[in-house]
There are 2 protein chains.
Amino acid sequence: MPKSTFFNLKKEKRARIIEAAGQEFSQQPLYNASINNIIKTAKIPRGSFYQYFEDLPDLYGYYFSLILENIQEDLIDSVYKDGGDIFKAVQEYASIYLEDILAGPHHNFYKNFFLGANIAIQSKKGGHGPGFDVYHSERLNQLRVRLKEVVNWEQLKVENEDDQNALQQLIMMIFFHSFANYFVHAIDSQKHPEDVLKEIKRNLSWLEFGVRRMEEQ
Amino acid sequence: MPKSTFFNLKKEKRARIIEAAGQEFSQQPLYNASINNIIKTAKIPRGSFYQYFEDLPDLYGYYFSLILENIQEDLIDSVYKDGGDIFKAVQEYASIYLEDILAGPHHNFYKNFFLGANIAIQSKKGGHGPGFDVYHSERLNQLRVRLKEVVNWEQLKVENEDDQNALQQLIMMIFFHSFANYFVHAIDSQKHPEDVLKEIKRNLSWLEFGVRRMEEQ
DNA sequence: ATCAATTTATGACAGGTTGTCATTTACGGA
DNA sequence: TCCGTAAATGACAACCTGTCATAAATTGAT
C-alpha cells in the first residue's frame with residue numbers, strides 16, 4: 001500500500017506517476033520492471049519514489065488494485081441489471097471485458113499480468129514467446145495424460161478430451177487456490193490448517209454438485 | 001527450461017544446484033531472489049549459471065515443476081486407489097499434502113510460492129506480514145460488500161456469509177483463470193478470443209450445475 | 001596415442017539497479 | 001513573521017545481472 005505521502009500529492013502528480021507505472025508495467029512484467037524507468041517517465045526524483053512507495057511491488061499492487069476496482073464496479077452493474085444472477089452476469093460481463101482487454105489501453109498490462117500472475121514466472125527468452133515452460137515439462141505432460149487415464153470419466157458430465165483437460169485444470173486451480181488462501185490468511189492467523197481442508201472440500205463439492213439451488217420438482 | 005548443458009551435468013552437481021535454488025527460493029520470493037546467492041551456495045562460477053539457465057525465472061520454473069511433478073504423482077496414486085473418483089481423491093490427497101506443506105522441507109518455498117503466485121506481488125515490508133495489500137484496499141472491500149448485497153443468494157446453495165465470500169472469490173478465480181489461459185495459449189495462437197468466452201461459460205456452468213452426472217431417478 | 005573440433009568452465013567487467021541519507025525546500029499554524 | 005513538521009532531492013555505496021574472451025576438458029576419428 002502506498003504511503004500516506006503519496007495520497008497527499010496533488011491529483012495531477014499522482015496521475016502522472018500512475019500513468020508512468022502503467023506504461024512500465026505494460027512494457028515489462030513486474031519482474032523486469034524498473035523504478036528508474038518509472039521515475040524518469042514521471043519526472044520525479046528517485047528519493048520521492050521511496051517517499052511514496054515501499055518498493056516496486058508496492059506500486060504494482062496499487063496499480064493493479066485500481067484496475068481491479070474498475071472490473072468490480074462494472075461487474076456489480078452487470079449483476080444488478082441481471083436481477084442478482086451472478087452467473088449470468090459474469091458471463092455477460094466477460095464479453096464486454098474481453099473487448100476492453102483485447103483492444104483497450106490496458107491490453108499489454110493484462111497480458112503481462114496474466115502471464116506472470118498465474119505462475120509468477122517469466123523468462124526473457126523462453127522457447128516460444130516470452131518463455132513459459134513450467135507447465136510443459138515432458139514428465140508433467142505424461143503425468144497429465146496418466147491422470148486422465150486413471151480418472152473414471154463416466155461419473156462426470158464431461159463430453160470430450162478438451163473438457164477433460166479443462167476440468168482437471170479447474171480442479172487443480174481450486175486445490176491450489178485454497179492452499180494459497182491459507183498462506184495469505186495464516187499471516188494474521190485468521191486461518192488454521194484444518195480450514196484449508198474444509199475449504200477444499202466445500203469448493204470441490206460446489207464444483208461437483210453445483211451451487212445453483214434447483215427448483216423442487 | 002534449463003539448457004541441455006544442465007541436463008548433461010553429473011547428478012551430484014545438478015543436485016547441488018537444485019538444492020541451492022530451493023534454499024534461496026525458500027528464503028526469498030522470486031522477486032528478491034538473487035543468482036549470486038545461488039551460485040555461492042552451490043559453489044559454481046557465475047558463468048556456469050548462464051550456461052545452464054536462461055535466467056533466474058528459468059531455474060525457478062524448473063524447480064517448481066519438480067515439486068509439481070511430485071504432487072501430480074501422488075495425486076494420481078490417490079485417484080487410482082479411489083477407483084477413479086477424482087473429487088474424492090483430491091480431497092483425501094489434500095490432507096496428506098497439507099502435512100507436507102506445513103511440516104515438510106518445502107514449507108517456506110510453498111509459502112513464498114503461494115503468496116507470490118496468486119498475485120505476483122510481494123513487497124518487502126508490507127503493513128502486516130510480508131506485505132500484501134492488493135486485495136485489501138478500502139474501496140475494494142466496499143465493492144466486495146456491495147457485490148454481496150446485489151447478488152440474489154436465494155438462487156444458490158449458499159448458507160452463510162463465509163460461503164458467500166468464498167463463492168465470490170471462486171467465481172472471480174474462474175473468470176481470471178480463463179483469461180489467463182487465453183494469454184498463455186494465444187502466444188502460439190492456439191486460442192482465439194471467442195474461446196475465452198466459451199471457456200468462461202463452460203467453467204461457470206460446471207460450477208453452477210455441478211459436473212457429477214447424477215443417477216437417473 | 002594424437003590431434004582437431006566441439007563443448008564446457010571460469011571470472012573479470014561494463015552497465016545498470018536499488019535503497020538510503022544528509023541536506024534543502026515548502027508548508028501550515030501560532 | 002517564525003518555527004516545526006512534512007516533503008523533495010540527488011549523490012552514493014552496495015549490489016546485481018548478463019556477456020565475453022580465454023582456458024580447460026571432452027569427444028571422436030585416425
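From a predicted model like this one, the values you see are computed outputs, not experimental measurements. To find a chain, count down the sequence lines: A is the first, B the second, and so on, and within it residues start at 1.
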Could you tell me the separation between the [atom1] atom of [X] and the [atom2] atom of [N], rounded to a whole number of Å?
X	N	atom1	atom2	answer
A:Ile39	C:dT18	CD1	P	8 Å
A:Tyr50	D:dC12	OH	C1'	13 Å
B:Ile17	C:dT8	CD1	C1'	13 Å
A:Lys10	D:dA7	NZ	C1'	12 Å
A:Phe53	C:dT18	CZ	P	14 Å
B:Lys40	D:dC15	NZ	P	10 Å
B:Asn32	C:dT17	CG	C1'	13 Å
A:Ile44	C:dG19	CD1	P	14 Å

Quiz item: Between C:dT18, C:dT10, D:dC16, which one does the side chain of A:Asn36 approach most closely?
Solution: C:dT18

Quiz item: Taking the side chain of B:Ile35 as its heavy atoms from C-beta onward, which of C:dA9, D:dT17, C:dG19 lies nearest to it?
Solution: D:dT17

Quiz item: Mapping A:Gly47 and A:Ala33 to their closest nucleotides on DNA chain C, which lands nearer the 5' end?
Solution: A:Ala33

Quiz item: Are A:Lys81 and A:Glu92 ion-paired here, with the side-chain N under 4.0 Å from a carboxylate O?
Solution: no

Practice problem: From the options B:Tyr97, B:Tyr93, B:Tyr110, select the one residue that forms a ring pair (Phe, Tyr, Trp, His ring centres under 6.0 Å) with A:Phe179. | Solution: B:Tyr97

Quiz item: Would you say the side-chain atoms of A:Arg46 and A:Asn36 include a donor-acceptor pair closer than 3.5 Å?
Solution: yes

Quiz item: Hey, does A:Lys13 reach any base, or is it just sugar-phosphate, or nothing, if we go heavy atoms under 4.0 Å?
Solution: sugar-phosphate

Exercise. Looking at every strand, decide which applies to B:Ser48 at a 4.0 Å heavy-atom threshold: base, sugar-phosphate, or nothing.
Key: base

Self-check item: A:Arg144 CZ to A:Gln164 CD distance, which is reported to the nearest 0.5 Å
Solution: 12.5 Å

Does OP1 or OP2 of [N] have a side-chain N or O of [X] closer than 4.0 Å?
X	N	result
B:Tyr52	C:dA9	yes
B:Arg46	D:dG18	no
A:Asn8	D:dA6	no

Exercise. State yes or no: are the ring centers of B:Phe6 and B:Tyr62 separated by less than 6.0 Å?
Key: yes

